[in-house]
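These numbers come from a predicted model, not from an experiment. In each ligand, atom 1 is the first atom listed, and ligand 1 is the first ligand listed.
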Amino acid sequence: MAEEDAHRALTDADAALARAFQRAREYVAGRADRAVWASATAQTLRDALGGPLPDGPTAPDTVVNQLAAAAGPGLVTTTGPRYFGFVTGGALPAAMAADWLASAWDQNAALFVMSPAAAVVEEIAGAWLVELLGLPSTASVAFTTGCHMANFTALAAARHELLRRAGWDVEARGLQGAPPLTVIVGDEVHVSVVGALRLVGVGSQTLVRVPADDQGRMRADALTSVLARVDGPTIVCAQAGNVNTGAFDPFDAIADTCARRGAWLHVDGAFGLWAGASDALRHHVRGVARADSWATDAHKWLNVPYDSGLAFTAHPEAHRAAMSMDAAYLVRSVGEPREPMDWTPESSRRARGFAVYATLRSLGRRGVADMIERCCALARRFADRLRADPSIAILNDVVLNQVLVRVADSDQRTAEAIRRVQDERVCWLGGTTWHGVHAMRISVSNWSTTEADVDRSADAILRAALPRG
Ligand SMILES: Cc1ncc(COP(=O)(O)O)c(C=O)c1O
């Protein structure tokens with residue numbers, strides 16, 4: 001590149017970054033006041049963003065500015081304090097800013113030699129997470145895109161270990177002819193566990209389902225009976241935090257029965273695992289550390305920007321064997337025990353450990369616990385405000401951050417209320433079906449939500465729940 005071009009590239013980068021900073025700053029500053037759901041239709045967005053593929057270049061600053069202007073009306077303010085859809089965290093300041101640096105640095109977190117900083121940050125943040133969540137200190141850690149891929153990573157480790165014990169090298173020989181694996185799930189298993197199992201070669205129709213109780217918790221007595229009927233290598237998938245009710249499976253009882261049978265216990269704890277970070281909530285996950293593997297998200301309750309998931313196992317050798325690959329050019333660093341790509345399903349990878357590290361450093365142990373406890377208190381406040389209206393029923397025990405709301409004991413009135421709340425755009429929440437009836441789902445997972453946000457949102461829900469006319 002000629003000197004003049006290099007100078008222009010630097011000026012371009014300066015201008016684009018300054019523009020992104022300005023636009024991002026406006027967005028962040030307006031987060032609490034923006035309409036929560038998008039105002040643009042898909043067609044408006046196509047018109048604003050589309051057109052023919054450009055023939056030639058446009059200045060980066062202009063591109064960023066136009067993108068921000070065109071995409072703006074199509075953005076959903078998921079980082080704002082009144083987004084209660086799905087289970088969605090916001091983006092804490094340190095996490096967001098560190099994530100910007102991760103883009104500017106553009107490190108490949110595959111190998112130590114590609115980025116010693118990314119590798120060491122994963123190592124440190126991983127150890128902090130293990131401690132914070134109360135997992136065994138020797139647990140292995142993987143930084144993934146989300147809990148779905150964390151479930152995949154952990155279940156691939158389970159498959160490796162159980163088949164190894166049965167004398168089968170699954171990485172070398174695949175699944176054809178392998179000893180059959182039995183996988184047991186609760187009736188309320190999250191769909192991403194089923195999706196992850198598909199990827200490890202366990203079809204959804206082959207899963208053995210264990211009944212759950214009225215809150216969605218796997219029944220340990222039923223699991224014991226099921227385990228007594230199956231032979232051979234077995235994985236049991238339990239859950240910390242039901243996606244609808246927030247309920248926890250009884251881990252101690254489940255771990256007892258798995259231990260008696262030598263089954264691998266995996267825990268999908270996309271958000272519920274974070275209860276382990278709080279003195280007040282830890283009882284929900286009693287016994288969880290006895291599992292063989294765990295999956296969770298940082299982009300949910302840790303409020304790290306997308307995408308960021310975490311897998312842990314109590315069997316580092318199995319974990320590594322399931323994930324690692326070798327090629328002559330993939331240079332391993334002598335004396336460095338942890339090569340990041342040995343633990344994840346990907347090779348080249350965004351250095352998402354920086355944002356996790358920055359979040360843990362910025363909040364500290366107490367800050368994480370406060371955030372989790374605050375969200376739970378706000379969920380209880382939501383439930384109390386809503387159930388004061390005689391036409392509204394709260395369908396779940398609000399033990400965590402999830403609230404299920406039903407209007408006038410009617411599917412139609414509940415669906416109508418959800419639609420009206422969404423249209424008003426003060427807050428956003430979605431719907432679900434719980435035990436055969438339609439319900440509104442509220443998930444309080446954002447660090448910045450206040451009591452005033454909950455009260456304002458509860459008022460919007462109460463308005464939306466009024467009978468028509
Ligand atoms: C219990 C549970 N497990 C797994 C997942 C999947 O997480 P992700 O979409 O981050 O991969 C979710 C998502 O809501 C969840 O609630």
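The heavy atom nearest to atom 9 (O) of ligand 1, out of those in Lys300, Gln402, Met149, is found in Lys300. When the options Asn242, Thr145, Val243, Asp268 are ranked by their closest heavy atom to atom 1 (C) of ligand 1, first place goes to Asp268.
Protein heavy atom nearest atom 6 (C) of ligand 1, with residue, atom name and distance: Ser192 OG, 3.6 Å. Considering only non-hydrogen protein atoms, atom 11 (O) of ligand 1 sits nearest to His148 N, 2.8 Å.
A distance-only check finds a donor-acceptor pair linking the side chain of Thr153 to the backbone of Met149 [under 3.5 Å]. Under a 3.5 Å cut-off, the side chain of Arg374 and the backbone N or O of Ala369 do not form any donor-acceptor pair.
Residue Gly241 places a heavy atom under 4.0 Å from ligand 1.
Annotation for Arg361: atom CZ does not count as buried by contact number, only 12 or fewer foreign heavy atoms lying within 6.0 Å.
Neither the backbone nor the side chain of Phe86 comes within contact range of ligand 1; no heavy atom lies under 4.0 Å. Contact annotation: for Cys147 versus ligand 1, heavy atoms closer than 4.0 Å belong to both the backbone and the side chain. Only the side chain of His190 comes within contact range of ligand 1, with a heavy atom under 4.0 Å; no backbone atom does.
Short contacts between ligand 1 and Asp297, defined as distances under 4.0 Å to a heavy atom of the residue, involve ligand atoms 7 (O), 8 (P), 10 (O). Near Ala270, meaning under 4.0 Å from one of its heavy atoms, ligand 1 places the atoms 1 (C), 2 (C), 3 (N), 4 (C), 5 (C), 12 (C), 15 (C).
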